[in-house]
Protein chains: 2
Amino acid sequence: MARPQAPRGHGRRRVIDAAVELFAEHGVRGTSLQMIADHLGVTKAAVYYQFHAKEDIVLAVLEEALEEMAAFVTAAESESSPDAAATAALRGLVDLMVSHRKAVAALMRDPEVERIMAAHADLESLVRRLATLLLGPSPDLRRRIAVSVVGAGVAQAGIDPLLADVDDESLRAELLRLAPAMLARS
Amino acid sequence: MARPQAPRGHGRRRVIDAAVELFAEHGVRGTSLQMIADHLGVTKAAVYYQFHAKEDIVLAVLEEALEEMAAFVTAAESESSPDAAATAALRGLVDLMVSHRKAVAALMRDPEVERIMAAHADLESLVRRLATLLLGPSPDLRRRIAVSVVGAGVAQAGIDPLLADVDDESLRAELLRLAPAMLARS
DNA sequence: GTCTATAGATAGATAGAC
DNA sequence: GTCTATCTATCTATAGAC
């Protein structure tokens with residue numbers, strides 16, 4: 001092993017994992033690079049070696065989460081009917097939220113994350129594509145509200161501390177039952 | 001400039017209003033006292049005259065929002081059946097979220113707000129009472145997840161920038177239709 | 001690759017003049 | 001009640017030794 005130190009050359013991975021955990025608890029602005037460094041048992045300068053700026057860490061966390069979203073959004077877009085596309089998108093969303101509960105807690109509705117996303121058109125357009133799929137071809141008010149409620153609800157269920165004891169499979173099963181029913185009646 | 005300040009005697013009100021607006025956009029930690037002061041056209045020291053600490057501003061915003069919640073929670077608790085209580089609580093929640101959309105955006109899931117609330121038992125217990133009402137006497141997994149989804153969904157609908165064009169009355173009507181239906185099937 | 005040391009900016013908060 | 005001035009702490013980020 002030529003690798004000098006740390007549990008491998010996976011410095012970036014360790015920083016990202018620590019960041020997700022701390023972002024989820026304190027928010028992005030509430031998490032200093034010092035906190036990330038302390039969490040890893042290294043110094044701030046060591047973190048700056050992996051990421052040249054705090055924003056780059058947020059971007060790395062964000063891109064990792066959105067990579068999976070890009071996959072199911074693209075797949076859903078090639079469904080034959082708008083209804084099938086919306087259903088596929090909703091299933092993909094539930095899967096993503098359930099399998100990345102901590103990352104969702106770290107990223108959802110953090111003003112700093114929103115600011116950074118707004119500055120990166122490619123990330124924002126992906127979310128818009130997902131919204132378009134869920135809304136369907138001609139969204140009326142009822143549909144728009146239902147999409148908003150379902151989207152936030154699914155995300156919250158994955159985050160909610162009161163549901164922390166619920167295992168991923170049970171949560172996924174319930175959400176896959178509840179969410180489509182909510183959209184169907186809109 | 002004959003007058004020393006705009007609406008005299010309303011210093012606290014003006015600070016609270018400015019804080020809600022800035023908190024909603026930047027989060028609590030992303031809003032400095034300097035930003036609040038600039039928004040009001042005064043200096044930081046002038047803000048500190050009204051509130052001795054930033055946390056006190058957050059508390060003031062929080063207490064104002066929770067005052068209304070205390071009213072409908074107490075009313076719901078005196079309903080005759082658990083079902084009637086849950087329905088009343090849900091209606092109260094929808095009303096609160098729709099009539100205080102900006103304050104909700106400022107407070108919901110801000111890690112700093114959560115920290116401050118956790119330090120004030122009276123504020124936290126109110127939220128717990130609301131959760132108890134919505135969950136009903138013997139909440140199974142399905143019910144717990146539905147409550148989480150509905151609660152977050154209702155809040156999000158009030159906040160969502162994509163629904164900013166929807167007037168309060170239309171939003172309230174749709175939510176009062178959608179939310180109870182979601183709980184009913186759980 | 002990790003460290004010490006530090007720069008430069010800004011945060012929250014206080015004292016005291018007017 | 002609002003100001004100027006300032007304190008202290010902490011933040012992001014960089015430079016350079018090992």
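Reminder, nothing fancy here: chain letters follow the sequence lines and each chain counts from 1. Note that the coordinates shown come from a computational prediction; the quantities given were computed from them, not determined experimentally.
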Please give, in whole Å, the distance from [N] [atom2] to [X] [atom1]?
| X | N | atom1 | atom2 | result |
| --- | --- | --- | --- | --- |
| B:Leu33 | D:dC11 | CG | P | 17 Å |
| B:Leu22 | C:dG12 | CG | C1' | 16 Å |
| B:Gln34 | D:dT4 | CD | C1' | 13 Å |
| B:Gln50 | C:dA13 | CD | P | 16 Å |
| A:Lys44 | C:dT4 | NZ | P | 12 Å |
| B:Arg29 | D:dA9 | CZ | C1' | 13 Å |
| B:Lys54 | C:dT14 | NZ | P | 15 Å |
| B:Glu55 | C:dG12 | CD | P | 13 Å |

Does any N or O in the side chain of A:Arg143 come within less than 3.5 Å of the main-chain N or O of A:Leu134, such that one atom is a donor and the other an acceptor?
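Flag set: sc A:Arg143 to bb A:Leu134 pair under 3.5 Å.
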
In terms of side-chain heavy atoms, does A:Arg14 have a donor or acceptor partner in A:Gln50 at a distance below 3.5 Å?
no

Name the closest nucleotide to the [X] side chain, picking from [options].
| X | options | result |
| --- | --- | --- |
| B:Tyr48 | D:dT12, C:dT2, C:dA13 | C:dA13 |
| B:Ala45 | C:dA13, D:dT12, D:dT4 | D:dT4 |
| A:Ala46 | C:dC3, D:dC11, D:dA13 | C:dC3 |

Short side-chain N/O contact to C:dT2 OP1/OP2 from A:Tyr49, under 4.0 Å
no

Can you tell me if A:Thr43 touches the phosphate of C:dC3, counting only side-chain N or O atoms and a distance under 4.0 Å to OP1 or OP2?
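Yes, because at least one side-chain N or O of A:Thr43 sits under 4.0 Å from OP1 or OP2 of C:dC3.
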
With salt bridge (Lys or Arg N to Asp or Glu O under 4.0 Å) as the test, pick out the partner of B:Glu64 among B:Lys102, B:Arg12, B:Arg13.
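Passing option: B:Arg13.
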
Report yes if some heavy atom in the side chain of A:Arg129 is under 4.5 Å from a heavy atom in the side chain of A:Met69; otherwise report no.
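When only atoms from C-beta onward are counted, A:Met69 and A:Arg129 do not touch, as no gap falls below 4.5 Å.
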
